[in-house]
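All heavy atoms count here, side chains included; hydrogens, waters and symmetry mates do not.
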Amino acid sequence: MSTKQELDNKVEVPPGWKPEPFTKECNPHGLLEESFFARTFPKYREKYIREVWPLVKAELSKHEIVAELDLMEGTMKVKTIKYKTWDPFIILKARDLITLIARSVPFEQAIRILDDDVHCEIIKIKNLVNKRDRFVRRRQRLIGPDGSTLKAIELLTNCYVLVQGSTVSAIGSFRGLKEVRQVVKDCMQNIHPIYNIKCLMIKRELAKDPLLKDKSWDRFLPKYKKQNISKRKKPKVIKQKKVYTPFPPPQLERKVDKELASGEYFQKEKERMKNKQEAKRAKQLEKVKEKKKKREEAFIPPEEPVYSKKKKLKSKSS
């Protein structure tokens with residue numbers, strides 16, 4: 001076996017392996033400095049936060065984190081205890097906890113963020129769409145009828161997803177959060193969530209096949225083309241643009257010029273009237289002939305088909 005193959009075998013992580021949890025024995029002396037984070041919450045969340053705050057304090061006290069609630073300023077504050085807090089990363093988890101509670105995530109789901117393999121992300125969707133009514137329609141499209149679309153996303157990504165106001169809160173693994181972020185951004189860019197849900201279902205089935213583990217899945221995934229269907233009605237007659245010329249158009253002839261060219265200008269008034277009446281009578285005669293011809297067409301008999309007589313051949317008896 002070559003040296004390169006030995007290194008490849010060492011790098012591979014066995015399935016089901018998890019890192020050892022960070023306990024108090026790993027850092028018995030605690031942290032030497034204090035850290036704190038504060039988050040504001042809206043007025044409508046004050047009643048709920050006041051009810052669950054004893055539970056928040058009890059959970060954070062297990063990790064030697066102090067939680068403070070200021071109802072006058074509308075803020076929640078978490079801070080470490082000098083020489084007692086042993087986990088340096090728990091203060092960031094506590095910050096995420098109070099942020100999720102402020103964004104209307106229930107306490108039962110928000111407390112999961114204290115686990116090492118659970119992470120969260122708050123996606124801002126307000127600035128992704130310009131118009132207010134369009135933003136409301138696309139946000140409702142993400143939720144779906146009776147929350148069915150949101151439930152399908154949760155089942156396929158193994159994440160908890162909550163749409164509240166102008167943000168989308170998600171709790172789960174890194175892979176699931178990446179998929180949720182892609183679905184949310186595509187939905188705000190006018191791509192229906194059902195297309196991403198279909199892709200996630202196909203990926204879920206392909207992941208079960210060990211032969212396709214290290215291969216590209218592009219040939220199995222559907223490819224959708226964006227169609228821009230213009231709602232503008234096209235005119236029946238499309239006018240073609242004339243060729244541009246720097247010269248002005250030719251001047252139109254006046255009535256006097258036409259009479260001079262035809263010779264009517266030099267005729268007397270009686271002769272002009274006589275010529276006009278003759279032209280008028282000629283037009284009337286033409287129209288009378290056309291109408292008479294149309295009336296006579298109804299009396300013209302149609303041509304009858306001519307049938308040829310077929311001679312019957314008599315069979316001669318032998």
- Query: Are any side-chain N or O atoms of His192 and backbone N or O atoms of Ile194, one a donor and one an acceptor, separated by less than 3.5 Å?
  - Reply: yes
- Item | Side-chain donor or acceptor of Arg138 paired with backbone N/O of Ile191 under 3.5 Å | no
- Are the side chain of Glu259 and the backbone N or O of Glu264 linked by a donor-acceptor pair below 3.5 Å? no
- Query: Taking the side chain as C-beta and beyond, is there a heavy-atom pair between Leu31 and Ile91 under 4.5 Å?
  - Reply: no
- Task: Report yes if the side chains of Ile111 and Leu97 come closer than 4.5 Å at any heavy-atom pair, otherwise no.
- Result: yes
- Query: Which of these passes side chain to side chain contact (heavy atoms under 4.5 Å, CB included) with Ile122: Thr167, Leu162, Val105?
  - Reply: Thr167
- Task: Walk me through it: do Arg281 and Glu278 pass the test salt bridge (Lys or Arg N to Asp or Glu O under 4.0 Å)?
- Result: CA-CA 5 Å; Arg281 285 171 191 166; Glu278 286 177 359; over 6 Å; no
- Message: Can you confirm whether Tyr44 is buried at OH, in the sense that more than 12 heavy atoms of other residues, nucleotides or ligands lie under 6.0 Å from that atom?
- Response: yes
- Item | Linked, directly or transitively: Val56 and Ile90 (ILVMFWY side chains, under 4.5 Å) | yes
- Item | Neighbour count >12 (heavy atoms, 6.0 Å) for atom CZ, Arg175 | no
- Mind checking whether Phe135 and Ile125 have side chains closer than 4.5 Å, heavy atoms only? yes
- Query: Among Glu68, Glu33, Glu34, which one satisfies salt bridge (Lys or Arg N to Asp or Glu O under 4.0 Å) with Lys79?
  - Reply: Glu68
- Query: To the nearest 0.5 Å, how far apart are NZ in Lys18 and CG in Asp116?
  - Reply: 10.5 Å
- Spacing of OG belonging to Ser169 relative to CD belonging to Gln164, to within rounding of 0.5 Å: 8.0 Å
- To the nearest 0.5 Å, what is the distance between CG (Leu100) and CZ (Arg95)? 10.5 Å
- Message: What's the separation between atom CG in Leu177 and atom CD in Glu121, rounded to the nearest 0.5 Å?
- Response: 6.0 Å
- Nearest heavy-atom contact between Ile153 and Thr157 is O-OG1, 2.6 Å
- Item | Donor-acceptor under 3.5 Å (Asp146 side chain, Ser148 main chain) | no
- Within the side chain of Thr80, is there an N or O that forms a donor-acceptor pair under 3.5 Å with the backbone of Ser35? yes
- Answer yes or no: is there a side-chain heavy-atom contact under 4.5 Å between Leu156 and Arg204? yes
- Closest non-hydrogen atom pair, Ile171 against Gln109: CD1-O, 3.7 Å
- Around atom CG of Asn130, are there more than 12 heavy atoms of other residues, nucleotides or ligands at under 6.0 Å? no
- Query: Does Thr85 use its side chain to pair, donor to acceptor, with the backbone of Glu64 at less than 3.5 Å?
  - Reply: yes
- Please answer whether the main-chain N or O of Gly165 pairs with a side-chain N or O of Arg139 as donor and acceptor at a distance below 3.5 Å. yes
- Item | Minimum heavy-atom distance between Leu260 and Tyr265, given as atom pair plus value | CD2-CD2, 3.5 Å
- Message: Any heavy-atom pair between the side chains of Ile65 and Lys93 that's under 4.5 Å?
- Response: no
- Is there side-chain contact between Arg39 and Val78, with heavy atoms separated by less than 4.5 Å? no
- Same cluster (ILVMFWY, side-chain, under 4.5 Å), Leu155 and Tyr195: no
- Nearest non-hydrogen partners of Ile202 and Pro222, listed with the distance: CD1-CD, 3.5 Å
- Query: Can Arg50 and Glu46 be counted as an ion pair, charged N to O under 4.0 angstrom?
  - Reply: yes
- Message: Would a single hydrophobic cluster contain both Leu206 and Ile197, if residues Ile, Leu, Val, Met, Phe, Trp and Tyr are joined by side-chain heavy-atom contacts under 4.5 Å?
- Response: no
- State whether Lys294 and Glu297 are salt-bridged, where the test is any N-O pair (Lys NZ or Arg NE/NH1/NH2 against Asp/Glu carboxylate O) under 4.0 Å. no
- Query: When you measure from the side chain of Arg181 to the backbone N and O of Ile123, does any donor-acceptor pair fall under 3.5 Å?
  - Reply: no
- With distance as the sole test, does Asp87 use its side chain to make a donor-acceptor pair with the main-chain N or O of Phe89 at under 3.5 Å? yes
- Measure the spacing between CZ of Phe41 and CD1 of Ile49 and express it to the nearest 0.5 Å. 4.5 Å
- Message: Nearest 0.5 angstrom please: Thr149 OG1 to Asn196 CG, how far?
- Response: 12.0 Å
- When every non-hydrogen atom of Pro210 is compared with those of Lys208, the smallest separation belongs to CD-O, 3.3 Å
- Message: Check this for me: Phe22, atom CZ, are more than 12 non-hydrogen atoms of other residues, nucleotides or ligands nearer than 6.0 Å?
- Response: yes
- Item | Charged N-O contact under 4.0 Å between Asp257 and Arg254 | yes
- Message: Please tell me whether Leu60 and Val66 are part of a single hydrophobic cluster in this structure, the criterion being side-chain heavy atoms less than 4.5 Å apart.
- Response: no
- Message: Can you confirm whether Asn127 is buried at CG, in the sense that more than 12 heavy atoms of other residues, nucleotides or ligands lie under 6.0 Å from that atom?
- Response: no
- Message: Quick check against the 3.5 Å criterion: does Lys84 have a side-chain atom that pairs as donor or acceptor with the backbone of Gly30?
- Response: no
- Query: Is there a side-chain contact (heavy atoms from CB on, under 4.5 Å) between Lys203 and Leu221 once you walk through the steps?
  - Reply: CA-CA 8 Å; Lys203 286 179 182 178; Leu221 299 176; 3.9 Å; yes
- Are Glu205 and Phe220 close enough that some pair of their side-chain heavy atoms sits under 4.5 Å apart? no
- Item | Non-hydrogen side-chain atoms of Phe107 and Glu51 separated by less than 4.5 Å | no
- Message: Counting only heavy atoms from other residues, nucleotides and ligands, does the tally under 6.0 Å from OH of Tyr48 exceed 12?
- Response: yes
- Same apolar cluster (I L V M F W Y, side chains within < 4.5 Å links), Met76/Leu92: yes
- Here the pair of heavy atoms bringing His119 nearest to Phe174 is NE2-CE1, 3.2 Å
- Item | Criterion side chain to side chain donor-acceptor pair (under 3.5 Å) on Asn190 and Arg137, from CA distance to verdict | CA-CA 10 Å; Asn190 203 21; Arg137 287 199 304 270; over 6 Å; no
